[in-house]
Amino acid sequence: MRLLMIPITATMLAACQTAPDQPTRTASEQQAYDRALAGKTAGKAEKCLPTYRSNDMTVIDDHTILFRDGRTTYVNSTLGNCSGLGDSGHALVTRNVGPQLCRGDIATVADTSTGMTVGSCALGDFVPYRAAP
(Lines give C-alpha, C1' and ligand atoms only; values in the text may rest on other atoms or scores of the structure.)
Protein backbone atom coordinates (compact mmCIF):
# COMPACT_ATOMS: atom_id res chain seq x y z
CA MET A 1 0.00 0.00 0.00
CA ARG A 2 2.83 2.40 0.85
CA LEU A 3 4.45 1.90 -2.58
CA LEU A 4 1.15 2.78 -4.26
CA MET A 5 0.92 6.07 -2.33
CA ILE A 6 4.21 7.43 -3.72
CA PRO A 7 3.07 7.61 -7.38
CA ILE A 8 -0.33 8.96 -6.34
CA THR A 9 1.27 11.67 -4.20
CA ALA A 10 3.71 12.58 -6.96
CA THR A 11 0.86 12.87 -9.47
CA MET A 12 -1.15 15.08 -7.11
CA LEU A 13 1.82 17.39 -6.51
CA ALA A 14 2.52 17.68 -10.23
CA ALA A 15 -1.10 18.63 -10.84
CA CYS A 16 -0.78 21.52 -8.36
CA GLN A 17 2.00 23.15 -10.36
CA THR A 18 0.70 25.57 -12.92
CA ALA A 19 2.43 27.22 -15.81
CA PRO A 20 2.42 31.01 -15.80
CA ASP A 21 -0.42 32.63 -17.73
CA GLN A 22 0.55 33.10 -21.35
CA PRO A 23 -1.20 35.71 -23.43
CA THR A 24 -3.77 34.30 -25.81
CA ARG A 25 -4.25 36.94 -28.45
CA THR A 26 -6.76 37.26 -31.21
CA ALA A 27 -5.38 37.81 -34.70
CA SER A 28 -6.10 41.55 -34.50
CA GLU A 29 -4.43 41.85 -31.08
CA GLN A 30 -1.35 40.04 -32.41
CA GLN A 31 -1.26 42.34 -35.45
CA ALA A 32 -1.41 45.42 -33.21
CA TYR A 33 1.40 44.00 -31.04
CA ASP A 34 3.56 43.14 -34.06
CA ARG A 35 2.91 46.53 -35.69
CA ALA A 36 3.89 48.43 -32.51
CA LEU A 37 7.19 46.55 -32.20
CA ALA A 38 8.09 46.23 -35.90
CA GLY A 39 11.77 46.98 -36.50
CA LYS A 40 12.51 47.29 -32.78
CA THR A 41 14.63 45.11 -30.54
CA ALA A 42 14.16 44.42 -26.85
CA GLY A 43 16.43 46.02 -24.31
CA LYS A 44 17.11 45.12 -20.70
CA ALA A 45 13.95 44.92 -18.59
CA GLU A 46 13.41 47.81 -16.21
CA LYS A 47 11.63 47.53 -12.85
CA CYS A 48 10.02 50.96 -13.01
CA LEU A 49 8.78 53.45 -15.56
CA PRO A 50 8.51 57.15 -14.72
CA THR A 51 4.87 58.22 -14.91
CA TYR A 52 5.70 60.95 -17.43
CA ARG A 53 6.57 58.12 -19.84
CA SER A 54 3.27 56.35 -19.26
CA ASN A 55 0.95 58.90 -20.89
CA ASP A 56 0.68 57.08 -24.24
CA MET A 57 -0.70 53.66 -23.25
CA THR A 58 -2.13 50.97 -25.51
CA VAL A 59 -3.81 47.83 -24.23
CA ILE A 60 -3.12 44.79 -26.39
CA ASP A 61 -4.89 42.11 -24.33
CA ASP A 62 -5.57 41.14 -20.72
CA HIS A 63 -1.84 40.48 -20.20
CA THR A 64 -0.05 43.07 -22.32
CA ILE A 65 0.17 46.85 -22.06
CA LEU A 66 2.35 49.06 -24.26
CA PHE A 67 3.67 52.46 -23.17
CA ARG A 68 5.16 54.71 -25.85
CA ASP A 69 7.74 57.37 -25.12
CA GLY A 70 8.99 58.93 -28.32
CA ARG A 71 10.60 56.18 -30.40
CA THR A 72 10.72 53.73 -27.48
CA THR A 73 7.88 51.33 -26.72
CA TYR A 74 7.81 49.70 -23.29
CA VAL A 75 6.06 46.34 -23.05
CA ASN A 76 4.55 45.37 -19.73
CA SER A 77 3.40 41.78 -19.34
CA THR A 78 1.23 41.78 -16.26
CA LEU A 79 1.81 39.28 -13.47
CA GLY A 80 -1.33 37.26 -13.98
CA ASN A 81 -4.42 37.97 -15.97
CA CYS A 82 -5.77 41.52 -15.74
CA SER A 83 -9.31 40.33 -16.35
CA GLY A 84 -11.39 42.54 -18.60
CA LEU A 85 -8.56 44.92 -19.51
CA GLY A 86 -8.83 44.21 -23.23
CA ASP A 87 -12.59 44.83 -23.30
CA SER A 88 -13.94 48.10 -24.63
CA GLY A 89 -15.48 50.30 -21.96
CA HIS A 90 -12.83 49.32 -19.40
CA ALA A 91 -9.89 51.38 -18.17
CA LEU A 92 -6.69 50.60 -16.28
CA VAL A 93 -6.43 52.45 -12.97
CA THR A 94 -3.18 52.63 -11.02
CA ARG A 95 -2.76 54.15 -7.60
CA ASN A 96 0.95 54.70 -7.37
CA VAL A 97 2.22 56.88 -4.56
CA GLY A 98 5.43 57.97 -6.24
CA PRO A 99 6.54 59.32 -9.58
CA GLN A 100 6.86 55.84 -11.11
CA LEU A 101 4.92 52.74 -12.10
CA CYS A 102 6.85 49.72 -10.83
CA ARG A 103 6.84 45.95 -11.05
CA GLY A 104 4.40 44.64 -8.46
CA ASP A 105 2.21 47.76 -8.41
CA ILE A 106 -1.43 46.75 -8.31
CA ALA A 107 -3.59 47.97 -11.18
CA THR A 108 -7.35 47.65 -11.28
CA VAL A 109 -9.66 47.43 -14.26
CA ALA A 110 -12.70 49.67 -13.98
CA ASP A 111 -15.87 49.78 -16.01
CA THR A 112 -15.87 53.33 -17.39
CA SER A 113 -19.65 53.65 -17.31
CA THR A 114 -20.15 52.60 -13.69
CA GLY A 115 -16.73 53.04 -12.12
CA MET A 116 -16.97 49.54 -10.66
CA THR A 117 -13.83 47.41 -10.42
CA VAL A 118 -14.07 44.40 -12.73
CA GLY A 119 -10.54 43.00 -12.39
CA SER A 120 -7.04 43.61 -11.12
CA CYS A 121 -3.45 42.48 -11.58
CA ALA A 122 0.10 43.40 -10.74
CA LEU A 123 2.37 45.11 -13.23
CA GLY A 124 5.39 43.19 -14.50
CA ASP A 125 8.76 44.44 -15.75
CA PHE A 126 8.90 47.15 -18.39
CA VAL A 127 10.84 45.94 -21.42
CA PRO A 128 12.00 48.76 -23.71
CA TYR A 129 11.90 48.17 -27.46
CA ARG A 130 13.95 50.56 -29.57
CA ALA A 131 14.72 50.83 -33.26
CA ALA A 132 18.12 49.47 -34.20
CA PRO A 133 20.63 52.26 -34.92
Side-chain angles (χ1 to χ4, degrees):
M1 182 71 167
R2 186 170 259 187
L3 289 176
L4 182 60
M5 292 300 289
I6 291 172
I8 292 172
T9 303
T11 302
M12 289 173 56
L13 287 174
C16 290
Q17 296 177 353
T18 59
D21 289 338
Q22 294 298 318
T24 304
R25 296 187 181 113
T26 64
S28 62
E29 290 170 342
Q30 187 62 48
Q31 287 175 346
Y33 181 81
D34 292 341
R35 196 172 32 252
L37 300 180
K40 297 181 179 183
T41 55
K44 184 180 176 192
E46 299 175 15
K47 299 288 183 209
C48 295
L49 182 70
T51 53
Y52 68 83
R53 289 188 175 160
S54 65
N55 292 332
D56 188 0
M57 181 182 82
T58 303
V59 173
I60 297 295
D61 54 43
D62 286 353
H63 294 277
T64 313
I65 308 164
L66 306 181
F67 296 93
R68 287 192 203 95
D69 179 36
R71 300 182 72 191
T72 303
T73 300
Y74 293 87
V75 176
N76 188 283
S77 298
T78 60
L79 305 174
N81 187 11
C82 211
S83 183
L85 181 60
D87 298 344
S88 65
H90 291 165
L92 184 71
V93 179
T94 58
R95 290 181 176 87
N96 55 324
V97 292
Q100 302 181 93
L101 295 175
C102 292
R103 176 185 173 85
D105 283 355
I106 301 298
T108 57
V109 179
D111 183 310
T112 56
S113 63
T114 64
M116 292 183 64
T117 298
V118 295
S120 65
C121 59
L123 297 176
D125 287 328
F126 297 86
V127 180
Y129 281 77
R130 295 181 178 93

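All of these numbers come straight from a predicted model, not from anything done at the bench.
For the pair Lys40 (side chain) and Arg71 (backbone), a donor-acceptor distance under 3.5 Å is present. In this structure, the side chain of Thr73 does not engage the main chain of Arg68 through any donor-acceptor pair within 3.5 Å. Within the 3.5 Å criterion, the main-chain N or O of Gly89 finds a donor-acceptor partner in the side chain of Thr112. Asp62 places no side-chain N or O within donor-acceptor distance of the main-chain N or O of Ser83, the cut-off being under 3.5 Å.
Taking CG of Leu101 as the start and CG of Leu123 as the end, the distance is 6.0 Å to the nearest 0.5 Å. Note: Asp105 CG to Cys121 SG = 10.5 Å, rounded to the nearest 0.5 Å. Distance check, rounded to the nearest 0.5 Å: OG1 of Thr72 to OH of Tyr129 gives 12.5 Å. One distance of note links CZ of Arg130 with CG of Leu37; it measures 12.5 Å at 0.5 Å rounding. Taken from CZ in Arg35 to CD1 in Ile60, the straight-line distance is 8.5 Å, to the nearest 0.5 Å. Atoms CG and CG, on Leu79 and Asp125 in that order, are 7.5 Å from each other to the nearest 0.5 Å.
Smallest separation of non-hydrogen atoms from Ala110 and Val93: CB-CG2, 4.1 Å. Nearest heavy atom pair, residue Pro128 against residue Tyr74, reads CB-CE2, 3.6 Å.
Val75 and Met57 sit in two unconnected hydrophobic clusters of ILVMFWY residues. Membership requires side-chain heavy atoms under 4.5 Å apart, directly or through other members.
You'll find the side chain of Leu49 stays beyond 4.5 Å of the side chain of Asp69, heavy atoms only. Within the 4.5 Å cutoff, the side chain of His90 has heavy atoms near those of the Asp111 side chain. Put simply, the side chain of Val59 does not reach to within 4.5 Å of the side chain of Leu92, judged on heavy atoms.
Counting only N and O atoms by type, the side chains of Asp61 and Thr64 include a donor and acceptor under 3.5 Å apart.
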